[in-house]
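Here the structure comes first, spelled out in structure tokens, and everything after it is commentary.
Residues: numbered from 1 along the sequence shown.
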Amino acid sequence: MSIEELTLNVEKALEEIRPFLNSDGGDITLISIEDNKHVKVRLEGACVGCSVNQMTLKAGVETTIKKFAPQIETVVNVS
């Protein structure tokens, strides 16, 4: 899979999870994909100060990204 295809798949995953984040006043932005297996995102809005944002990142965002791009190994939030 090319980096363009991978990026498109990760963006599709973020579009799927974004309405859930928006409903709580948050959002998410793709920052980078490194070595075709590590994704960096930025949680925004209400997600920044949320006490469960790490759970959201792992259980929601990472799981959804891996559904669209199984080769992704890690998803991390950069602020």
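Here the straight-line distance linking atom CG of Asp24 with atom SG of Cys50 works out to 7.5 Å at 0.5 Å rounding. Rounding to the nearest 0.5 Å places CD of Glu4 at 12.0 Å from CG of Asn9. Here the NZ-CD distance, from Lys66 to Glu62, works out to 4.0 Å after rounding to the nearest 0.5 Å.
Contact detail for Gly26 and Cys47: the closest heavy-atom pair is CA-SG, 3.7 Å. Nearest heavy-atom pair, Ala69 versus Leu6, reported as atom, atom and distance to 0.1 Å: CB-CD1, 3.6 Å.
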Donor-acceptor list for residues 14-21 side chains, cut-off 3.5 Å, not counting sequence neighbours:
{"unit_1": "Glu15", "atom_1": "OE2", "unit_2": "Arg18", "atom_2": "NH1", "d": "2.3"}
{"unit_1": "Glu16", "atom_1": "OE1", "unit_2": "Lys67", "atom_2": "NZ", "d": "3.4"}
{"unit_1": "Glu16", "atom_1": "OE2", "unit_2": "Lys67", "atom_2": "NZ", "d": "2.6"}
{"unit_1": "Arg18", "atom_1": "NE", "unit_2": "Asp27", "atom_2": "OD1", "d": "2.7"}
{"unit_1": "Arg18", "atom_1": "NH2", "unit_2": "Ile28", "atom_2": "O", "d": "2.5"}

Donor-acceptor pairs under 3.5 Å, side chain of residues 31-39 to any protein atom, not counting sequence neighbours: which ones?
{"unit_1": "Glu34", "atom_1": "OE2", "unit_2": "Lys40", "atom_2": "NZ", "d": "3.2"}
{"unit_1": "His38", "atom_1": "ND1", "unit_2": "Thr74", "atom_2": "OG1", "d": "2.7"}

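Met1 and Ile72 fall within a single hydrophobic cluster, where Ile, Leu, Val, Met, Phe, Trp and Tyr side chains are chained together by heavy-atom contacts under 4.5 Å. Under the 4.5 Å side-chain contact rule for hydrophobic residues, Val75 and Ile3 share a cluster.
Side-chain contact between Leu57 and Val41: present, with at least one pair of heavy atoms (C-beta onward) separated by less than 4.5 Å.
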